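To start, the structure under review is shown below, and the notes come after it.
Not measured: the values here are computed from a predicted model.
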Amino acid sequence: MNLRTLLPALMLASPLALAAKPLTVCTDANPEGFDVVQYNSLVTTNASADVLMNRLVEYDASAHKLQPGLASSWQVSADGLSYTFKLRPGVAFHSTDYFKPSRKLNADDVVFSFERMLNPDHPWYKTAANGYPHAQSMQLPKLIKSVSKVDDNTVRFDLNYPESTFLSTLSMGFASIYSAEYAAQLQAAGKQAELNSKPIGTGPFVFRSFQKDSVVRYQPNLAYWGGKPKVSALIYAITPDATVRVQKLKAGECQLALSAKPQDVLAVQGDSKIRVLSTPAFMTAFVAINSQHKPFDNALVRQAVNLAFDKNTYLKTVFDGTATAATLPYPPNTWSYNKSVKPYPQDLARAKKLLAQAGYPNGFDTTLWVRPSGSTLNPNPKAGAELLQADLAKVGIRAQIKVIEWGELIKRGKAGEHDLLFMGWAGDNGDPDNFLTPQFSCAAVQSGTNFARYCDPKLDKLISDGKKTSDFAQRSKLYLQAQKLISDQALWLPLAHPTAYVLERKEVSGYAANPFGRVNFAAVNVQ
């Protein structure tokens, strides 16, 4: 064999010469957009923040701790009022056909990313049609006094008061860092809206295109500071029907299927080509009861809804026994969980009595909103809605089921248009405030993430005081009281704490199911 014929053979034999393969992920819904700060759904976070963006700090779900992200290190002042971050040097923003960065990440980008959300006088503040639901519900405009550039590689946050959850809040998707240079380019061209349709970040993948109800396409970021991704492309195949996601997985049309239903897990058992990944989810499925709509402004009516419901049948039918019953906003293995609060039993006689006391002896008419397709937090929306409808009818509450597309459901739910709304919440780390502030604070009523639409000064103070101390015992004491109040007021009909399932083909390696529902494909390989 001469040298000319030997070289191709050597190249074929070398692992370095083996071509990377694309990764296709079957997802359950369209992202609402790609400017993640405008939205609060996990679907949108996964399509934008988790693949395109990075944050100053990240939360390592396996190690249960914060780790450096775009900030390589940070210091906190003794009084807890100042956080100084050293930025990782040499981090590049994406280069695309619509933006060519002229510099690396610096402090200007961090300042822009937060000032835009916090300062009503900032030129970008009013460009978010949906506002900034997470920043507002987490009360960041009240908390953060200033975000300032110390030098190109150093940025300082000064707070108005200490808050123990501040660092963990910065790991949430909405705290992603944007390119100030790209924003200036869009502003100069009068095209600010394109930040939502043509995103730029520092993450492991670069946006290519989005076709609604069909596909989102990404390409690997070859200059990614965390290491070049191992796949040649990332494709989100938008597949609302969970059964179809499984069919596509079996056929090899996708290598990963997210938001798998328990029934789908059973369906793939015994298939040698498919693995089931699972983890207890830091999530709660619930029905939000709109306390601003009559007759749900009356706590007796809200309690009657809870008493009418047969939760055991619901769990068996919808989750096939793979979820645990929910009593409170967050899972029982969370620190500060109030074990003394007992769940509402199904008690139809008592429910009818409460309705009569509230002035509704003959019941009333209402609406029950639900999404059309299944997800981790609601594997079978149709069955669940029909079960609740039947239970409510037994006490005289006549609920009309309305099936509303996911994006529209979120939008109208945040606007408070619903009566009863099937919803779910996933925390971004293990802190209970991840549930309490965005779901039950007064600020979250304004931002829209408080789907119970309940603003109570006592509850609001318990939640805010809990964040202001780093003493776990004191925080737990406050949160125990908050949970009891939430249960007594019956602000939710708590449903379940699910198991998060991901189905993957055997040729996939490097992926792990995340208890928060977040995704990370940077280290995934397809053989």
Side-chain angles (χ1 to χ4, degrees), residues 33-39 44-45 47-58 68-72 74 84-129 132 135 140 144 146-157 170 173-210 218-226 228-229 522:
F34 296 90
D35 184 13
V36 67
V37 299
Q38 297 191 44
Y39 307 104
T44 298
T45 296
S48 53
D50 285 341
V51 293
L52 299 171
M53 317 287 282
N54 297 116
R55 290 138 295 281
L56 292 173
V57 297
E58 305 286 358
L70 293 179
S72 56
W74 55 86
T84 303
F85 296 89
K86 281 291 182 183
L87 300 183
R88 190 179 298 275
V91 174
F93 280 100
H94 298 160
S95 180
T96 69
D97 57 355
Y98 51 86
F99 176 64
K100 306 291 183 186
S102 66
R103 61 168 176 80
K104 304 295 185 181
L105 168 86
N106 68 26
D108 292 328
D109 303 306
V110 180
V111 172
F112 165 78
S113 299
F114 285 90
E115 277 288 303
R116 174 200 176 193
M117 295 186 286
L118 304 175
N119 182 4
D121 296 323
H122 192 276
W124 273 82
Y125 183 84
K126 294 181 180 178
T127 62
Y132 304 95
L140 292 193
I144 298 175
S146 64
V147 185
S148 55
K149 175 181 179 179
V150 178
D151 56 46
D152 276 353
N153 296 311
T154 312
V155 64
R156 187 176 69 244
F157 288 72
L170 296 185
F174 83 93
S176 296
I177 304 304
Y178 288 69
S179 166
E181 184 183 16
Y182 180 48
Q185 174 184 303
L186 292 177
Q187 186 176 356
K191 296 180 178 180
Q192 291 94 326
E194 289 190 1
L195 194 67
N196 196 31
S197 59
K198 295 181 177 180
I200 290 292
T202 58
F205 294 92
V206 181
F207 178 79
R208 286 185 58 196
S209 64
F210 169 46
Y218 310 88
Q219 64 188 46
N221 178 8
L222 302 183
Y224 183 47
W225 60 269
K228 184 178 71 172

Nearest-0.5 Å distance that lies between atom [atom1] in [X] and atom [atom2] in [Y]:
{"X": "Ser146", "Y": "Phe114", "atom1": "OG", "atom2": "CZ", "result": "13.0 Å"}
{"X": "Lys104", "Y": "Asp152", "atom1": "NZ", "atom2": "CG", "result": "14.0 Å"}
{"X": "Ser113", "Y": "Ile177", "atom1": "OG", "atom2": "CD1", "result": "4.5 Å"}
{"X": "Leu222", "Y": "Gln219", "atom1": "CG", "atom2": "CD", "result": "7.5 Å"}

Smallest separation among heavy atoms of [X] and [Y], with atom names:
{"X": "Pro229", "Y": "Pro204", "answer": "CG-O, 3.0 Å"}
{"X": "Glu181", "Y": "Ser102", "answer": "OE2-OG, 2.5 Å"}
{"X": "Ala71", "Y": "Trp74", "answer": "O-CZ3, 4.2 Å"}
{"X": "Arg116", "Y": "Thr127", "answer": "NH2-OG1, 4.1 Å"}
{"X": "Ala49", "Y": "Arg55", "answer": "O-NH1, 3.2 Å"}
{"X": "Phe174", "Y": "Val36", "answer": "CA-CG1, 4.3 Å"}

Please examine the side chains of [Y] and [X], heavy atoms only from C-beta on, and report whether any two atoms are closer than 4.5 Å.
{"X": "Leu56", "Y": "Leu87", "result": "yes"}
{"X": "Val150", "Y": "Val155", "result": "no"}
{"X": "Phe207", "Y": "Ser48", "result": "no"}
{"X": "Leu170", "Y": "Phe85", "result": "yes"}

[X] (side chain) donor-acceptor with [Y] (main chain) under 3.5 angstrom:
{"X": "Ser176", "Y": "Gly173", "answer": "yes"}
{"X": "Arg88", "Y": "Gly69", "answer": "yes"}
{"X": "His94", "Y": "Phe99", "answer": "no"}

### Task
Using only heavy-atom distances, determine whether the side chains of Thr154 and Lys86 contain a donor-acceptor pair under 3.5 Å.
yes

### Task
Could you tell me whether Arg103 and Asp109 have a side-chain N and a carboxylate O separated by less than 4.0 Å?
yes

### Message
Between Lys100 and Asp97, does any side-chain N to carboxylate O distance fall below 4.0 Å?
### Response
no

### Task
Sequence neighbours left out, what passes side-chain hydrogen bond (donor to acceptor under 3.5 Å, both in side chains) with Asn54? Give chain and number order.
Thr202, Tyr224, Trp225

#### Entry: Test side chain to side chain contact (heavy atoms under 4.5 Å, CB included) applied to Phe205 and Asp50, step by step
CA-CA 9 Å; Phe205 294 92; Asp50 285 341; over 6 Å; no

Scan the side chains in residues 182-196 for donor-acceptor partners under 3.5 Å anywhere in the protein, sequence neighbours excluded, and list what turns up.
from, atom 1, to, atom 2, distance (Å)
Tyr182, OH, Lys198, O, 2.7
Gln185, NE2, Tyr98, O, 2.9
Gln187, OE1, Trp124, NE1, 3.3
Asn196, OD1, Phe34, N, 2.9
Asn196, OD1, Asp35, N, 2.9
Asn196, ND2, Tyr39, OH, 2.9

### Whether over 12 other heavy atoms sit under 6.0 Å from Arg156 CZ
no

### Query
Using the ring of each side chain (for Trp, its six-membered ring), is Tyr178 parallel, tilted or perpendicular to Phe112, with breaks at 30° and 60°?
perpendicular

### Task
Decide side chain to side chain contact (heavy atoms under 4.5 Å, CB included) for Val51 and Tyr218; before the verdict, give the C-alpha distance in whole Å, the side-chain angles of both, and the deciding distance to 0.1 Å.
CA-CA 9 Å; Val51 293; Tyr218 310 88; 3.6 Å; yes

### Task
Not counting sequence neighbours, which residues clear salt bridge (Lys or Arg N to Asp or Glu O under 4.0 Å) with Glu115? List them please.
none

